[in-house]
Amino acid sequence: MMHDTQKAAEATFLLLDWYDRHHRDLPWRVSPPMARKGAVADPYHVWLSEVMLQQTTVQAVRAYFNKFLKLWPTIDDLAAADAEDVMKAWAGLGYYARARNLKKCAEAVAGEHGGHFPNTEEGLKALPGIGDYTAAAIAAIAFNRRSAVLDGNVERVISRLHAIETPLPAAKPEMRARVLALTPEDRPGDFAQAMMDLGATICTPKRPACSLCPFRSSCLALATADPETFPRKAEKKQKPLRLGAAFVAIDNSNAVYLQKRADTGLLGGMTEVPGTGWTARRDGETSIYAQPFAARWEHCGAITHVFTHFELRLSVYRANVQRAETGANGWWEPIASLKAQALPTVMKKAIAQAIPNAFKAERS
DNA sequence: AATACGGGGCC
DNA sequence: GGCCCAGTATT
């Protein structure tokens, strides 16, 4: 027992030493040198970054994080913001329930907690959009709590370090216990970020750079098997194909007809062009009967978009209409301002198929 | 325990 | 074209 504890302490030391030498400068992070001077991470920044980073890479998050902080410098600003503006700012980042929950969470913290985040995992997890991972991460990084931070990166690192044969997600409790055993009392936040950085840069899904790893002398997968084959995972089923149509109406003032999707479900609360439902039926052939306006609809090709659980092929139709009559749920948006709308990527693809220059920097 | 929920980068 | 991600909420 004493032996295991000692080995764990040594591994933790090696990781933190690696982190001190290789940490990355990220907008929401307090670097180890700054931390030693007494700098503390702002819980608002930590929370905002962690929510954005859910299933999303650092590269994609950077610009959004900076934009959000500029638009809403404090949690109270975000709580007071217009929900539609938040959706617009989030457009393109994906998983839009995160944006809706972000707003709800800001309102809860501002309204019920005096603008201060709870400083325990339990308190944090009670807030909208904060689950196991994010609660543990905020508790560790912003409040110096010794919590077990387990995300996709850490799952990979810990599964290789201990050559865990149990497939995910069943292996999570074992992984959590292994992570907690390595988590130190004094720098739990740095430890968590070090584990995630290690997974992102060294212990990568493919072709891990084991020779550069601080765990190279104790990694069981490296010693006995092929590290790349961890973590073991249950088999996944294949995505079905769904078909539909999208209608891009352009009026005589060069505006496109847009409407808002329902607040819940797929792309909830986001903006779209009118279309048919997305089903497995051959809607591409019947879609012309679902046209939102009586007009000379011209078929201008199809676009494909892959969602998490299905693949979508949309036939795109375009028509020039004489007058801009606003429907019950929609509005006419000038092409020049389309970029600022809450349009998810699939809708931008559809519009770009009908109007190739719609999202270009300059257009005539 | 399984499913719904985006998007982009990588090979 | 398939795989992977700094996951959460719902059922």
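Values in this document were obtained by computation on a predicted structure and should not be read as measured data. First the proteins, then the strands, lettered A, B, ... as listed; each starts at 1.
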Atom OH of A:Tyr133 and atom P of C:dC5: how far apart are they, to the nearest Å?
-> 14 Å
Between C:dT8 atom P and A:Trp90 atom CH2, what is the distance in whole Å?
-> 12 Å
If the P atom of C:dA6 is compared with that of B:dT3, how far apart are they to the nearest Å?
-> 23 Å
Grab the two heavy atoms, one from A:Tyr44 and one from A:Pro73, that are nearest each other, plus how far apart they are.
-> CE2-O, 3.3 Å
NA contact type, A:Arg62, heavy-atom cut-off 4.0 Å: base, sugar-phosphate, or nothing?
-> nothing
When rounded to whole Å, the CZ to P distance for the pair A:Phe230 and C:dC4 reads 15 Å
Are A:Arg160 and A:Phe230 in a cation-pi contact, defined as NZ or CZ under 6.0 Å from the six-membered ring centre and within 45° of the axis?
-> no
For A:Phe68, check ring pair (Phe, Tyr, Trp, His ring centres under 6.0 Å) against everything at least two apart and list the hits.
-> A:Trp72, A:Trp90
Pick base, sugar-phosphate or nothing for A:Ile141, based on heavy-atom distances below 4.0 Å to the nucleic acid.
-> nothing
Starting at CZ of A:Arg261 and ending at C1' of B:dA4, how long is that distance when rounded to a whole Å?
-> 13 Å
Measure from NZ or CZ of A:Arg216 to the centre of the six-membered ring of A:Trp18, then state whether that distance is under 6.0 Å and the direction lies within 45° of the axis.
-> no
A:Phe191/A:Tyr19 aromatic ring centres below 6.0 Å = no
Nucleotide C:dT8, atom P - distance to NZ of A:Lys104 in whole Å | 15 Å
Carboxylate-amine/guanidinium contact A:Asp197 A:Arg29, below 4.0 Å = yes
A:Arg100 CZ to C:dT8 P: how many Å, rounded?
-> 16 Å
5'-most contact on DNA chain C (nearest-nucleotide basis), A:Pro128 vs A:Glu50, goes to A:Glu50
Assert: residue with more 5' nearest nucleotide on DNA chain C, out of A:Ser49 and A:Leu127, is A:Ser49
Note: contacts of residues 149-187 of chain A with DNA chain C (heavy atom, under 4.0 Å) are A:Asp151, A:Gly152, A:Asn153, A:Arg156
A:Lys103 bridged to A:Asp82 by N-O distance under 4.0 Å = no
Rounded to the nearest 0.5 Å, the CD atom of A:Gln353 sits from the SG atom of A:Cys300 at a distance of 6.0 Å
Could you tell me the separation between the CD atom of A:Glu228 and the C1' atom of C:dG2, rounded to a whole number of Å?
-> 14 Å
Which heavy-atom pair separates A:Val256 from A:Leu338 by the least distance, and what is that distance?
-> CG2-CD1, 4.3 Å
Heavy-atom protein contacts under 4.0 Å, nucleotides 5-11 of chain B, coded B base, S sugar-phosphate only, - none | BBBS---
Looking across every strand, which nucleic acid part, if any, lies under 4.0 Å from A:Val58 by heavy atom: base, sugar-phosphate, or nothing?
-> base
Could you tell me the separation between the CG atom of A:Leu71 and the CG atom of A:Asp77, rounded to the nearest 0.5 Å?
-> 10.0 Å
Between C:dT8 (P) and A:Lys125 (NZ): distance, integer Å = 8 Å
P atoms of C:dT11 and B:dG6, separation to the nearest Å | 16 Å
